[in-house]
Amino acid sequence: MAQRAVWLISHEPGTPLCGTVRFSRDWQEDSGYLSFTIRRYPTVEKRARVFNGASYVPVPEDGPFLKALLFELRLLDDDKDFVESRDSCSRINKTSIYGLLIGGEELWPVVAFLKNDMIYACVPLVEQTLSPRPPLISVSGVSQGFEFLFGIQDFLYSGQKNDSELNTKLSQLPDLLLQACPFGTLLDANLQNSLDNTNFASVTQPQKQPAWKTGTYKGKPQVSISITEKVKSMQYDKQGIADTWQVVGTVTCKCDLEGIMPNVTISLSLPTNGSPLQDILVHPCVTSLDSAILTSSSIDAMDDSAFSGPYKFPFTPPLESFNLCFYTSQVPVPPILGFYQMKEEEVQLRITINLKLHESVKNNFEFCEAHIPFYNRGPITHLEYKTSFGQLEVFREKSLLIWIIGQKFPKSMEISLSGTVTFGAKSHEKQPFDPICTGETAYLKLHFRILDYTLTGCYADQHSVQVFASGKPKISAHRKLISSDYYIWNSKAPAPVTYGSLLL
Amino acid sequence: MGPLSRDAWAQRLGAFRASPSAFMAGPEGEDLGRDLLSDLRSEKLSEQTKVSLLALSMEYPAQLWPDASAAEVAATSLLDTLVLLPPRPSALRRPLLLAATTALAAGGALGPTSGASCRLLPLLLGLAAGSDLGRGFVPASEQRPLQATACECLRELESCKPGLLGGSLGLLRGLLGQEGPVQPLSLLLALALRNTLVLQSRVGAGLGGLLTDKVSPTGGGPWDWTLVEEGDGRLQPQAPSWPAAEEGEGERSLTAREHSPEEARELRAAVIQLLDTSYLLTPVAQAQLLWLLGWALRGLQGQPPALFKPQLVRLLGTAQLTLLHAMLALKAAFGEALFTAQDEALLLRRLTLAAQHPALPPPTHLFYLHCVLSFPENWPLGPEGEEAAPLLLGPQLCRGLLPSLLHDPMALLARLHLLCLLCAEEEEEEKGQLPSPRHYLEELLAGLRQRAALDGGPRALATLCFQASYLVACCLAGQPTVLTPLIHGLAQLYQARPMLAPHFVDLLDQVDSELREPLKVVLRQVVVSRPGRDEALCWHLQMLAKVADGDAQSATLNFLQAAAAHCTNWDLQQGLLRVCRALLRAGVRGGLVDLLQVLARQLEDPDGRDHARLYYILLAHLAAPKLGVALGPSLAAPALASSLVAENQGFVAALMVQEAPALVRLSLGSHRVKGPLPVLKLQPEALEPIYSLELRFRVEGQLYAPLEAVHVPCLCPGRPARPLLLPLQPRCPAPARLDVHALYTTSTGLTCHAHLPPLFVNFADLFLPFPQPPEGAGLGFFEELWDSCLPEGAESRVWCPLGPQGLEGLVSRHLEPFVVVAQPPTSYCVAIHLPPDSKLLLRLEAALADGVPVALRTDDWAVLPLAGDYLRGLAAAV
């Protein structure tokens, strides 16, 4: 269970990252790629040679590797022609794990993914022959590789606000990897921990210190719990197709408590008419789980007997802020129900939009906007509209309307917008192609945020937080609801549906 | 050269990293390793620069120190540098330990005879044990981190030399029980334990007291090089506790060796000790521990896997990739012994849930989906190693895992695979309230085709559509309710966007005939029903070259005739000719002759006209099978991209004689001693069916008159062939070598020629008898011959050794046809006629037990040495 090599490649054509990169090469700069090989692990490579025997393929130098990887990920801008080694129908990849053709040999498995303009890649050790290729599930290094790359990604982007912070973090990476993965076997995916560890190095650690907690907190005890719910929805306003919506919750904690292993129990509660929490995933520091929590799942049909809390999570907190648990929930109605009708009338589009806030939802938004994009068309040249509420902003070049609804829906809870839009000629450079929204297939997307509110009603009762540590901690709790992927599709045209929408 | 400055080093390291091989081949390459080691002791360089030098040495030891002796020298130098550090905190101690370990392990220098190994190992174990190494070697503030580092180094050495720490198990266990750092010690102990158990069981030994003996780290040293040797110095493929993956390894590593009750108790205690403190480890380290211990305990009697249960309950609620993966490994290793049917169902539910949980990133979803389809079931039904839906995964569980057009390509394909598996299982009566998966599949494919048909859409969309079609065709072969709409949908897609022709050609190449044949028919109809002059003509021609065959000839030819007028450039003309070629191969003759004639006259491009004329000539002159071969895919140049070159090569292969490996073998039978000439009897044998075989023989040195070729109409392997008779006309009585060439036609119609191994004509093969004298006149006849040899000829006496069969046996075996006078068993007179006109006369008389003196005469001097050799070799040639 080890990695043979790890790479981090910035992928932002045209704007190479500057700063403390360890090295760069000409051809990569030309094409806008910069690569930082983070580490190679020669002792693991040596084991690979023995384990893989005749099927061993060495990890290549960075240049050929990068080229093959970009080709495989379709990031080289040359997909004009059919290329069999990439486009053949039988080359099917169903995981983020690839075989790269390099110099006539196939390097496998290469774990790789693109996120935030960075390509993360590593090659896990396979402790047996590669021919026949063993099933992925039997390769222990694969999950470790993923965790490693996620760890790097979290480190680079958690709390990062600008490029200079990113560059600082990039420059810290080599030293951190020396701590977190000195020989290719990952010791801790939480790189921040390793950074703290370096800083804490002078502290003599007492016995039985958890490896995931590099020091101890000194100061005023306090526990902060914040519940963030994201609501997503697909609304069609159509016969035979059901609207769907789902709440996804994240409970984040920061526990500043003295002692090596303070014990904390947090209970999440629901009001009487609250929606049960399902699909609960917990942080590994949670020490035990009620079986009702483990089994409550969105896969089963809902009934009244569903476990509705309180949901108790006993745990020993790490030093840093962490995600105590994730959950999903099926609330009875979507917070905002609406329809969107769009019709093409000769040279213009006629649109009608209606949105209604459900009465049970707190009518106090931090912001609420409806984004109405028009894909595969030219810039907006003319607009006539009438709205019952809020203002409309027009982004002509982007072919986008933003309906700013503001902080509150009116008393009627219902608002509408109608109008006609005319477009100029389409120019391909400025208007990227969208494969979904062709013809009259179109959507509007809602963006909103409500503070101190959850759609499920879920809350962390301050009095139910139990802390077994010296001193009485100050406990603070926060809640918020935000929209995420909240789509209302044009009901006058076909729209992509999921299997769930057909389950009426 | 003095030490380099910081900047100079930065530049040098940058150049190295940019391309290590190029740098090492350059002028500075040779010195890099040496400079690096010496500059580590330079006082001018900052610690930060030295750390970056050490980091380089940890990544590229094989380039810096390419062989074991160089690695040994480097490790020694690194250890010296470590010892020379002043007794104050330094950032160099940790990287120096790591670098020395890397140099030894990666350089292959680790071993009992390596001085550096013998210094490093006790140092590491001492540090790991937290012992006082004296002289302020480790400043107090660094003790704890170095203890952890030493454990990591030891673990890496144990990984590279399994069994090395077999003798330190007791010591490590003791340290873990005391104040040692939990994670490094746990992982080290678990690895050493696993390796020791594997190696001991291989040699049939038990653990003995290894888990309880506490060796002093400063004493003689607990290095178990013997155990390493047992492991053959070789790493053992671990196939970590995955039963299906290790089949064929031949060695189920942990054969169920029973440990003594004492050993079993200690082992159990050690495992419980490790598991009990595992919550102190980081999640990734916990996962490693579970993989290692799962592997260690697998197959061990008396070690119930229930030990793992408390951990599983704790971990089942998490969504950490490594932890769930480790749990699946335990599931695969122990099956029902650890997971009851209910546990199995719960694990599968958690996995299914994780595969779609919105809080997890997409790569995690995909990996979990793979795990669902490879789920290690307690009682698997299907074939191993193939992705399949586990029995417990009903349609209800899958509902959230089905694909939609909104998914990215990888997720869509992964989920589509699951949908296909569901459709394959779907039975008619299952039509409940749920929408039919098959219907949903159809809609989804239609949506994908619609996107692929979009004008100006990226190629990735088309690729996705064809990948999905291929997946469906593979998973749901034999389901006409799925394939029929798929075929028609694809035909419509082609109609909408002919530029996807290369994708169609690729699809037709990949799928099996169940989809290919009907799809070809439909696509051909789509193409030929068009007027043949639109702008997509090049795609139509490409398509037609793939799908045209003997069916619907007239429609195809009409289309081509109409198209010919619009083929104004070279590309299009070549496309057109490619279709003609495909039709030629398919055996179309009638209307094609006319078309080719027209093309040979009309095409603007001379190259096109030439080709058309060539095809016309081929069509007019070659029989259908030969034509098929001539135009078939070229065997001679499969890798050439240029169709023209490949085509020419194809003609060369088909129409000319090709050198080929010999498909026929010849063996020499006994020669015939009748008639006026010696005749060789040849036994041919074919390795493949061959036709019109002609064997040509050439005599080296013109010793014989030129030989006639031998003809065989047909030879088949396994069918006995009649022997071939080859008459020889010697010009002088001497053995000779015959070069043999074979010329034949293969069953595919190619004409080949091959060199066969040469045949050797022996001296004895030339022997012919004299005409038999009348009864009773033999002796007189012989004496007359005998006297006639001299004075021109030669005389000699030779000792002919006799084997156990005696003189009588020797004569009857080799000389029978040539005996003129016989007085068995003691005396024989032998007269041999050697064509063209020589004689050889032998008197074999007064035989002794081990040999017989032979008096010989011949009228040809040159025969004498040959006769001598022949006689001397007779006894051996039995």
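None of the values given here were measured: they were computed from a predicted structure. A note on names: the letters A, B, ... follow the listed sequences, proteins ahead of strands, and every chain is numbered from 1.
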With a 4.5 angstrom heavy-atom cut-off, is it the side chain or the backbone of [X] that approaches chain A, or both, or neither?
X: B/L98; answer: both
X: B/M58; answer: both
X: B/P283; answer: side chain
X: B/Y279; answer: both
X: B/A62; answer: neither
X: B/L402; answer: side chain
X: B/Q48; answer: side chain
X: B/L405; answer: both
X: B/L316; answer: both

In terms of heavy-atom pairs under 4.5 Å, which option from [options] contacts chain B the most?
options: A/I436, A/L281, A/T316; result: A/L281
options: A/L178, A/L149, A/L186, A/L187; result: A/L187
options: A/F148, A/F146, A/F183, A/Y41; result: A/F183
options: A/P182, A/S88, A/G184; result: A/S88
options: A/D188, A/I280, A/L289, A/V248; result: A/D188
options: A/N323, A/L136, A/V497, A/T328; result: A/L136

Minimum side-chain heavy-atom gap [X]-[Y] below 4.5 Å:
X: A/V44; Y: B/E156; value: yes
X: A/P318; Y: A/C285; value: yes
X: A/L125; Y: A/M1; value: no
X: B/M410; Y: A/K94; value: no
X: B/L280; Y: A/M261; value: yes

Non-hydrogen atoms of chain B under 4.5 Å away: do they reach the side chain of [X], the backbone, both or neither?
X: A/V111; result: neither
X: A/F150; result: side chain
X: A/T95; result: both
X: A/Q246; result: side chain
X: A/T295; result: both
X: A/N52; result: neither
X: A/T43; result: both
X: A/Q144; result: both
X: A/I97; result: side chain
X: A/K115; result: neither

key: A/D62 bridged to A/R40 by N-O distance under 4.0 Å   =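 Here A/D62 pairs with A/R40 in a salt bridge, since their nearest N and O are under 4.0 Å apart.
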
request  = For the pair A/E127 and A/R47, find out whether any cationic side-chain nitrogen is under 4.0 Å from an anionic carboxylate oxygen.
outcome  =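 Salt bridge flag = no for A/R47 with A/E127.
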
inquiry  = Looking at A/S484 and A/K230, would you say the former's side chain and the latter's main chain have a donor-acceptor pair under 3.5 Å?
reply    =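 Absent.
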
When [options] are compared by non-hydrogen pairs under 4.5 Å with chain A, the top option:
options: B/F466, B/F375, B/Y440; value: B/Y440
options: B/A285, B/P20, B/G400; value: B/P20
options: B/P61, B/G447, B/S21, B/C398; value: B/S21
options: B/R155, B/Q450, B/H365, B/M499; value: B/R155

ask   = Does a donor on one side chain sit under 3.5 Å from an acceptor on the other, for A/E147 and B/T322?
value =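 Judged by distance alone, the side chains do pair up.
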
query = Can you find a side-chain donor-acceptor pair between B/Q356 and B/R415 that sits under 3.5 Å?
reply =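 Result is no, nothing qualifies.
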
Would the [X] and [Y] ring centres measure less than 6.0 Å apart?
X: A/F113; Y: A/Y98; result: no
X: A/F82; Y: B/H503; result: yes
X: B/H325; Y: B/F367; result: yes

message = So, taking the atom named SG in B/C153 and the one named CG in B/L104, what distance separates them when rounded to the nearest 0.5 Å?
response =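 Result: 10.5 Å between the selected atoms.
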
query = Which distance, rounded to the nearest 0.5 Å, do you find between the CG of B/L353 and the CG of A/D279?
reply =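 Reported value, rounded in 0.5 Å steps: 4.0 Å.
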
